[in-house]
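Taking it in order: structure first as structure tokens, then the write-up.
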There are 2 protein chains.
Amino acid sequence: MKKKISDSSIHRLSLYFRALSLFEMENYETVSSKELAKHEKLTPAQIRKDLSSFGSFGTRGLGYPVHELKNKIASILGIDRSWRVALVGIGNIGSALVSYKEFMKHGFQIIKLFDNDQRKIGSNHKGIIVSDIKNIQQELKESNIQIVIISVPATVAQNIVDDVVEAGVKAILNFAPINLRVPDDVILRNENMSMELEYLSFNLVNYSQEDDIEEV
Amino acid sequence: MKKKISDSSIHRLSLYFRALSLFEMENYETVSSKELAKHEKLTPAQIRKDLSSFGSFGTRGLGYPVHELKNKIASILGIDRSWRVALVGIGNIGSALVSYKEFMKHGFQIIKLFDNDQRKIGSNHKGIIVSDIKNIQQELKESNIQIVIISVPATVAQNIVDDVVEAGVKAILNFAPINLRVPDDVILRNENMSMELEYLSFNLVNYSQEDDIEEV
DNA sequence: CCATTCATGTGAATAGCTTCACAAGTAAAT
DNA sequence: ATTTACTTGTGAAGCTATTCACATGAATGG
Ligand SMILES: NC(=O)c1ccc[n+]([C@@H]2O[C@H](COP(=O)([O-])OP(=O)(O)OC[C@H]3O[C@@H](n4cnc5c(N)ncnc54)[C@H](O)[C@@H]3O)[C@@H](O)[C@H]2O)c1
Ligand SMILES: NC(=O)c1ccc[n+]([C@@H]2O[C@H](COP(=O)([O-])OP(=O)(O)OC[C@H]3O[C@@H](n4cnc5c(N)ncnc54)[C@H](O)[C@@H]3O)[C@@H](O)[C@H]2O)c1
């Protein structure tokens, strides 16, 4: 029976991968949990705990082998392979995402684009011809798409997601600010930028230095 | 002494605000924690707990007054006012963010843009003239900027953040995939889209239905 | 070869967050 | 006025995540 890995632990694995990539470029042979922790502002114990749920990768007294651990984490995260990704809604944010090279580097290949705007359908974005949203179910299946990115207005997102789910896609990354309903076997993540700005304003209002006098 | 509010609780406040806005548009007078919970896939108890750290806003037997609670949460989150925001790096993602109307609606006004590309400096984006990055410190101070969005390549992000911090800005939203160092009194949030895709691939690899047979 | 230093891996302890469960308050119907 | 149906607000319980602390093992230097 596999142990359930927490969401935060998964996210930290991404950080470790990123840090290890940098250490590798600087020709480090090994790196300790202490060094990794400093780099990503975490605690050494947490890094060791996180890694220990997947095996023993380090050497006592020495640390972790950079290259090897990086590959191991890539395999754990599933970024040692290629993922077939489609994106729906080639507007402001959609276009930015299609141009983002980092995705490709981590194995996420955007190979299909969908929109409902006649001016966009048939046009070429980074070598991909934009398909008509009408054909989405058929084309997702044909291209064997595994992950779909949603970057359409919130009002139409649920309808599109229903189609995407019906086409058998099991993983969705949503940029529309709306709580989408998907079946239990579909993994949904939301990217909500307003939320992060609101986090900042909350802290500015409630915890910034000037307010301290009120707390006495 | 103020009680420390958890990050997840702050994020949920944003969800409540969004849900209440919808309920308000549908002319609901009141809404129960149960209804809110269903809307955002949370538990009623959690919503009541979250709200209770800021006061008693509901009426037993009836629920919460939609309009009033929405305003109250807006005030708690600090989105009942206007924030002066600057954005650095008018590339793919930067341009998308400048065009994003949702930010404005929640009080985040992007009023300054910076870049180091001569072709972009002086050009007009949504009514804002792009400034030379060289003058960032002076112009941030002059315009009394409170929040800065970083959308430059990771390699130059730390340098820019150092300037931003020196100019007295206390809140930063970073899109570059790098761990930026800021003093303790500066609030930093990172928006990392690769991380979310990696979360999806992790779950596809580790928990999707097809793998279940391996777990027996 | 032995002492010293370093750093992992992991149970145990602690801290933090979520859910439970219920007393208490409100509204509406009769 | 009383009953019924509802829903809040909140201590307490339960659960999850993080940190502590140390036994264990590896490398280095004299
Ligand atoms: N622009 C941003 O920086 C930003 C940031 C965060 C979130 N978002 C969210 O991302 C989504 C898109 O934002 P945007 O700024 O890119 O908007 P946009 O209007 O520029 O793009 C939306 C695209 O979706 C297409 N579209 C509309 N209805 C469709 C349908 N039924 N089927 C297929 N395509 C359809 C449009 O033709 C357009 O190309 C929105 O939900 C927005 O809230 C945007
Ligand atoms: N494109 C995306 O969808 C996306 C998604 C997530 C994160 N990001 C991150 O956002 C950042 C920007 O990505 P992008 O795709 O928009 O890249 P981009 O190259 O299109 O844009 C970068 C912009 O920054 C400007 N710039 C470069 N150096 C600068 C400096 N020293 N001072 C001021 N401006 C400078 C460039 O002129 C350019 O306009 C990167 O860190 C990237 O990893 C991008």
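In the text below, chain A, chain B and the rest are named by the order of the sequence lines, each starting its count at 1.
Q109(A) has its side chain out of reach of R84(A): every pair of non-hydrogen atoms, C-beta onward, lies at least 4.5 Å apart. You'll find the side chain of L113(B) reaches within 4.5 Å of the side chain of V98(B), heavy atoms only.
Listed nucleotides dG9(D), dT19(D), dG11(D) differ in distance to K49(B); the shortest reach to its side chain belongs to dG11(D). Closest contact between the side chain of S52(B) and the listed nucleotides dG9(D), dT10(C), dT8(C) involves dG9(D). Distances were taken from every side-chain heavy atom of S6(B) (C-beta onward) to each of dG9(D), dC17(C), dG9(C); the shortest belongs to dC17(C).
Rounding to whole angstrom units, CD of residue Q46(A) and P of dT8(C) are separated by 15 Å. Counting to the nearest Å, the C1' atom of dT18(D) and the CZ atom of R12(A) are 8 Å from each other. If you take CZ of F54(B) and P of dT8(D), they are 18 Å apart, rounded to a whole angstrom. For the pair E35(A) CD and dC6(C) P, the computed distance is 12 Å after rounding to whole Å. The interatomic distance linking L42(B) (CG) with dT18(C) (P) rounds to 10 Å, in whole Å. Per the geometry, CG belonging to D50(A) stands 13 Å off C1' belonging to dG9(C), to the nearest Å. L69(A) has its CG atom 16 Å from the P atom of dA7(C), to the nearest Å. Put simply, CD1 on I10(A) is 12 Å from P on dT18(D), counting in whole angstrom units.
The neighbour count for K70(B) NZ, taken as heavy atoms of other residues, nucleotides or ligands under 6.0 Å away, is above 12. The 12-atom threshold is not exceeded at CD of E29(A), counting heavy atoms of other residues, nucleotides or ligands nearer than 6.0 Å. Within a 6.0 Å radius of CD in E142(A), other residues, nucleotides and ligands contribute more than 12 heavy atoms. Annotation for K141(A): atom NZ counts as buried by contact number, over 12 foreign heavy atoms lying within 6.0 Å.
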When you compare the protein's N or O atoms with those of nucleotides 26-30 of chain D, which come within less than 3.5 Å of each other, and at what distance?
unit_1, atom_1, unit_2, atom_2, d
dA26(D), O4', R60(A), O, 3.0

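In terms of position on DNA chain C, the residue among V31(A) and S9(B) whose nearest nucleotide sits closer to the 5' end is V31(A). Toward the 5' end of DNA chain D, the nearer of the two residues A45(A) and I5(A), judged by each one's closest nucleotide, is I5(A).
Applying the 4.0 Å criterion to OP1 and OP2 of dT19(D), one finds that R48(A) has every side-chain N and O outside that range. For dT26(C), neither phosphate oxygen OP1 nor OP2 lies less than 4.0 angstrom from any side-chain nitrogen or oxygen of Y64(B).
In this pair, F108(A) and W83(A) present their aromatic rings parallel. The plane angle is below 30°, not in the 30 to 60° band.
When heavy atoms are screened at a 4.0 angstrom cut-off, S33(B) is found touching the sugar-phosphate backbone but no base atom.
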